[in-house]
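Position 1 is the first residue of the sequence, and the numbers go up from there. Keep in mind the model is a prediction, meaning the values are calculated, not measured.
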Amino acid sequence: NTYQANNYSLNPSLTYLHKFGTKGRSLIFETNAGFSDNDSFGKIDSENEILQNPISISQLVQDQKANFRGNSFDAKLSFMEPISKNVAVGFSGRITDENNINQSDYYDIINDILLRNSDLSNGFRRDYISRYGGINYSLNTDKLNFTLGLNYENSVQKGLLNSEENIKNTYEAVLPSAVLRFDLGNSENLSLRYMTDMREPSVQQLQPTIDNSNPFSIYTGNPNLRPEYQHGFYGSYMNYDAFNFRLLYLSFRGSYVQNSINNAISINEQLVRTIMPVNTANASRFSSKAEFSSPIKSLDIKYKIALRANHSYGQSPVNDVMNRTKVWGKGLTLSLENRKKNILDAQIGYQFYHSDSHYSRDVNMNQFYKEQGFFINTSLYLGERFTLKSDFDYQSFDQSFSDGIYKIPLWTASASTFLDKNKKFRLRASIFDILDKNKGISRTNSLNYNEVSQTNVLGRYFLIGLSYHIKGFKKE
């Protein structure tokens, strides 16, 4: 299969700020525009063999042409009015307008003759207008910052499919928010935040275009999708002891999503997957992190310990049966580094992460994923001009139903020097993947599966670069 694409885009923006004579009173106007034009052409020539009795062979020879044009406009006006020394009230209004036109044409090639496939070819036009209005209350003191907001959003989506079928949906939502920050002392603070958001489906999710570039994984959009309504929670605590150079940092982040957009999957007897985004009842995610670092003065080094955990829950239909997925994960990072970095900056560490996925539809398909490894990063400063750097990272990956454990050592090194006394011109020579062991491993985590894929990569290669650093302009 081969693909060609040409993409053009333009995104101008303008911001105007006016401060009045009264302290704290201000007016802000912001506007953005976007213009894009994308053309793509693909040639599909694939033959697929299903090892069953009898053996099934399917062939797809097709030309695919697509044109996507879009423009958008966004304008926001905000006004802040102080009520007293520590209290202010803000008002805001915003309007956005997005227009997209997509034309997809599929041609089957039979005996070297192009025949337009009317079942797959289609044209889709979308117009999405959103209007926002809101008010917020702010209280700011030496120890406390508090903001309470309330916004209203109304959105209208209009669609036209093949110049015949009209699609029109109207959405509205009330969006509260709150932010609270406490200064508990020198270098110690606590922050809490609650936000809501209505997330509209993307153009790709809405347009009913069939993507069969992978004959075993066919994707089609859904013009009847509704926006997600998300509740977001965030909190953090930081305590830094400047006398002993100790840091404690705790954080959590969570979300609860109504009308969550997930992929529905249908698998036929030939093991072909058809994927379409749909709305499900709800989904949730939660993650937390704890980090502590402190020096060991007798050894003149610093150590850091970081713990993390995550949990997610979601639903997605598989062959019209609702599958509920729960994912639990936990991780650990340990590192040591030297404190005096005038000549040598060195860091060594260990990383570990493990996750378990549980599926309600078939517990025999429950999966685990594990990765661990160590890293060594060093920088050697030879005088004020010359620097040597080396980064080594060794990782291993293991997961359910895999043939074995992937082990990948990656080593990168570079040398750089300044060419002038003002240190503006820098020459750098780098070598990537010195051991030539990069396997192009990437991991995908979904409600329905964990996937580790391998792609072709460059392998070992060299790079030489020259850079110029702009430090500023002298005042006359």
Side-chain angles (χ1 to χ4, degrees), residues 190-194 230-240 246-257 260 262-263 282-294 302-316 323-337 347-377 391-410 439 441-454:
L190 173 68
S191 297
L192 299 171
R193 179 182 299 174
Y194 168 70
Q230 176 171 291
H231 305 263
F233 309 88
Y234 172 79
S236 67
Y237 170 80
M238 186 187 75
N239 187 334
Y240 179 67
R246 291 194 181 99
L247 172 67
L248 174 63
Y249 180 77
L250 307 173
S251 68
F252 72 89
R253 185 184 303 272
S255 66
Y256 177 80
V257 183
S260 177
N262 294 305
N263 288 331
N282 56 69
S284 62
R285 295 181 180 89
F286 179 84
S287 63
S288 61
K289 182 178 181 180
E291 181 178 312
F292 179 78
S293 62
S294 177
K302 183 178 77 171
Y303 69 90
K304 180 188 294 185
I305 302 174
L307 303 172
R308 63 186 175 112
N310 63 275
H311 171 68
S312 62
Y313 169 81
Q315 306 177 62
S316 60
N323 179 57
R324 295 173 177 83
T325 303
K326 295 180 180 180
V327 179
W328 298 88
K330 50 187 177 293
L332 166 70
T333 301
L334 303 173
S335 65
L336 293 172
E337 61 182 274
Q347 184 184 47
I348 183 172
Y350 169 78
Q351 292 178 325
F352 171 83
Y353 179 75
H354 180 97
S355 70
D356 292 289
S357 301
H358 300 273
Y359 306 107
S360 64
R361 189 183 178 196
D362 188 353
V363 296
N364 294 321
M365 298 302 294
N366 290 349
Q367 300 183 39
F368 77 89
Y369 172 81
K370 182 174 69 174
E371 66 178 61
Q372 60 181 333
F374 66 89
F375 56 90
I376 303 174
N377 303 321
D391 297 314
F392 181 80
D393 188 6
Y394 181 88
Q395 290 186 331
S396 65
F397 305 89
D398 188 17
Q399 70 166 13
S400 302
F401 314 120
S402 63
D403 295 333
I405 300 176
Y406 294 94
K407 298 180 180 180
I408 305 174
L410 296 177
K439 298 180 180 180
I441 301 294
S442 62
R443 176 178 179 253
T444 301
N445 181 276
S446 173
L447 285 176
N448 295 313
Y449 61 90
N450 290 327
E451 179 182 76
V452 175
S453 60
Q454 181 175 350

So do [Y] and [X] actually touch side chain to side chain, heavy atoms under 4.5 Å?
X	Y	value
D391	D393	no
L248	R246	no
F352	L334	no
S293	L247	yes
N323	S360	yes
T333	K304	no

Could you tell me the separation between the [atom1] atom of [X] and the [atom2] atom of [Y], rounded to the nearest 0.5 Å?
X	Y	atom1	atom2	value
H354	L332	NE2	CG	14.0 Å
D356	W328	CG	CH2	10.5 Å
K370	Q399	NZ	CD	12.5 Å
Q230	Y256	CD	OH	12.0 Å
S191	Y237	OG	OH	12.0 Å
M238	L250	CE	CG	11.5 Å

### Query
Does one side chain, of Q395 or Y406, offer a donor that lies under 3.5 Å from an acceptor on the other?
no
Between the side chains of D398 and S396, is a donor N or O closer than 3.5 angstrom to an acceptor N or O?
no
So does [Y] get a backbone contact from the side chain of [X], meaning a donor-acceptor N/O pair under 3.5 Å?
X	Y	answer
H231	V257	no
N377	Q347	no
N366	Y359	yes
S400	Q367	no

Y394 meets the ring pair (Phe, Tyr, Trp, His ring centres under 6.0 Å) criterion, sequence neighbours left out, with F374
What one should report as the nearest heavy-atom pair of Y353 and K330 is CD1-O, 3.2 Å
Where do G314 and A283 come nearest, in terms of heavy atoms and distance?
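G314 and A283 have their closest heavy atoms at CA-CB, 4.3 Å.
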Please report the C-alpha distance between S316 and N263 in whole Å, then the side-chain angles of each, then the deciding distance to 0.1 Å, and finally whether the side-chain contact (heavy atoms from CB on, under 4.5 Å) criterion is met. CA-CA 6 Å; S316 60; N263 288 331; 6.0 Å; no
Sequence-distant partners of K326, salt bridge (Lys or Arg N to Asp or Glu O under 4.0 Å), two or more places apart
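Residues passing salt bridge (Lys or Arg N to Asp or Glu O under 4.0 Å) with K326: none at all.
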Open item on the list: Around atom CZ of R285, are there more than 12 heavy atoms from other residues, nucleotides or ligands closer than 6.0 Å?
Closed with: no
Under 30°, 30 to 60°, or over 60°: which ring-plane class applies to F397 and Y369, parallel, tilted or perpendicular? tilted
Show, in sequence, the C-alpha distance, side-chain angles and deciding distance for S284 and N282, and conclude whether the side chain to side chain donor-acceptor pair (under 3.5 Å) test is met.
CA-CA 7 Å; S284 62; N282 56 69; over 6 Å; no
